[in-house]
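Input: a single structure, listed below in structure tokens.
Labels below follow one simple rule: chain letters A, B, ... track the order of the sequence lines, proteins then strands, and each chain is numbered from 1.
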Number of protein chains: 2
Amino acid sequence: MATRKDSSTYSRNEKWIADCDLTYVIAKIGGRWKLQILSALEGKTLRFSDLKKTFSMMTERMLTLQLRALESDGLIKRTVYAEVPARVEYELTPVAVELWPVLDMLSAWGSKHRQLIADTTISSHG
Amino acid sequence: MATRKDSSTYSRNEKWIADCDLTYVIAKIGGRWKLQILSALEGKTLRFSDLKKTFSMMTERMLTLQLRALESDGLIKRTVYAEVPARVEYELTPVAVELWPVLDMLSAWGSKHRQLIADTTISSHG
DNA sequence: GGCCATACTTACACGTTTGTTCGTACCATA
DNA sequence: TATGGTACGAACAAACGTGTAAGTATGGCC
């Protein structure tokens, strides 16, 4: 997005990362809000203002940025209605829907091992 | 790790994020190198110098930071041998091993939809 | 005493992500 | 002319992730 020295180690490593299917996915769905936005859109079509209400803790700017990123990555579809007070609706693409089983597994792992890791930390105090 | 204003929106939102199993996992395995380090350790025990050779594109500092983070998250086990030239070995914990089926699914999704999204982008040029 | 190798550690700087604030465009209504 | 609601956009700043360069500690070897 922004201008950057393509020759920097940072950029070179970024390309390395993008070659890996795994890190590629993490880059797409990573970040602070993307997964939560995708969750909110599961099975629903929501307006920008709906999302704004749902995620009252994030600013309009962040919401816009995340929606744009998800759109350009083909994970959500954006539909603009040329009405007087503008209306824009967002919905998941089939691609995004296919992510759910994986995300459910990830979530399950997180739930299980969050507790497990907490226990390990406590028992290692001795 | 660093000092930070706990009252900032940034921090408040961080806590919000940590409550979600999904974003929790992404935080644990996200970042530029963690998944690749975990991959390298799959089924093996490696020394610091081995990892350094494997990831010649990343600096010692980053390697150390990532290993420390993975260790404190209970994903890898660190064993120090009190020998003359220091020897430190890293291996996956059972918790991390259980991540593999999920990561394989993620990777498969990434592989499939990377191509799909590329096609969509091309066809939407008209 | 000085050098070697391993495995770090520290100080500093670059680049990105996230957050704050203010402004834009639309058109109906008052 | 001013106000209202929706969906943004731009300029700026704080915080974090990542990278660079140099230094530390150990103890055997010369």
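In this structure, B:Lys77 does not pair ionically with B:Glu89, as no charged nitrogen and carboxylate oxygen lie closer than 4.0 Å.
In this structure, the NZ atom of B:Lys34 is 8 Å from the P atom of D:dT18, given to the nearest Å. Rounded to whole Å, atom P of D:dG5 lies 13 Å from atom CD of A:Glu60. D:dG9 atom P lies 14 Å from atom NZ of A:Lys52, rounded to whole Å. Note: CG (A:Leu35) to C1' (C:dT17) measures 16 Å, nearest angstrom. Between the CD atom of A:Glu71 and the P atom of D:dA7 there is a distance of 14 Å, given to the nearest Å. Atom NZ in B:Lys28 sits about 12 Å away from atom P in D:dG17, given to the nearest Å.
Using five terminal pairs a side, the axes of the helix from C:dG1-D:dC30 to C:dA30-D:dT1 at its two ends make an angle of 50°, given in steps of 10 degrees.
Taking the ring axis of B:Tyr10 as reference, the NZ or CZ atom of A:Arg32 stays within 45° of it and closer than 6.0 Å to the ring centre.
Of the possible polar contacts, none joining the B:Trp109 side chain to the A:Leu22 backbone as a donor-acceptor pair under 3.5 Å is found. Formation of a donor-acceptor pair under 3.5 Å by the A:Thr93 side chain with backbone atoms of A:Gly74 is found in this model. Put simply, the side chain of B:Asp50 gets close to the backbone of B:Arg47: a donor and an acceptor are under 3.5 Å apart. Side-chain N or O atoms of B:Ser111 include none that pairs as donor or acceptor with a backbone N or O of B:Ser107 at under 3.5 Å.
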Problem - Derivation and outcome, side chain to side chain donor-acceptor pair (under 3.5 Å), residues B:Arg12 and B:Thr9 - result: CA-CA 5 Å; B:Arg12 266 185 288 116; B:Thr9 300; 3.0 Å; yes
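Cluster membership for B:Tyr81 and B:Tyr90, using ILVMFWY side-chain heavy atoms within less than 4.5 angstrom, is not shared.
Contacts with DNA chain C (heavy atom under 4.0 Å) in residues 77-93 of chain A: A:Val84, listed by number. Within residues 43-51 of chain A, the residues that place at least one heavy atom under 4.0 Å from DNA chain D are, in residue-number order, A:Arg47, A:Phe48, A:Ser49.
For A:Asp73, the side chain to side chain donor-acceptor pair (under 3.5 Å) partners are A:Lys28, not counting sequence neighbours. Applying the salt bridge (charged side-chain N to carboxylate O under 4.0 Å, His left out) criterion to A:Lys44, with sequence neighbours excluded, gives no partner residue.
Interatomic distance, CG of B:Leu103 versus CD1 of A:Ile26, reported as 7.5 Å (0.5 Å rounding).
Remark: of the listed residues A:His113, A:Lys112, A:Arg114, A:Arg114 is the sole one forming a side chain to side chain donor-acceptor pair (under 3.5 Å) with B:Asp21.
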Contacts under 3.5 Å, N or O only, protein and nucleotides 18-20 of chain C:
unit_1: C:dT18; atom_1: OP1; unit_2: A:Arg32; atom_2: N; d: 2.9
unit_1: C:dT18; atom_1: O4; unit_2: A:Arg61; atom_2: NH2; d: 3.3
unit_1: C:dG19; atom_1: OP1; unit_2: A:Arg32; atom_2: NH1; d: 3.3
unit_1: C:dG19; atom_1: OP1; unit_2: B:Asn13; atom_2: ND2; d: 2.7
unit_1: C:dG19; atom_1: OP2; unit_2: A:Trp33; atom_2: NE1; d: 3.1
unit_1: C:dG19; atom_1: N7; unit_2: A:Arg61; atom_2: NE; d: 3.2
unit_1: C:dG19; atom_1: O6; unit_2: A:Arg61; atom_2: NE; d: 2.9
unit_1: C:dG19; atom_1: O6; unit_2: A:Arg61; atom_2: NH2; d: 2.9
unit_1: C:dT20; atom_1: OP1; unit_2: B:Thr9; atom_2: OG1; d: 2.6
unit_1: C:dT20; atom_1: O4; unit_2: A:Arg61; atom_2: NE; d: 3.3

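Annotation: side chain of B:Thr59 is in contact with side chain of B:Met62 (closest heavy-atom distance under 4.5 Å).
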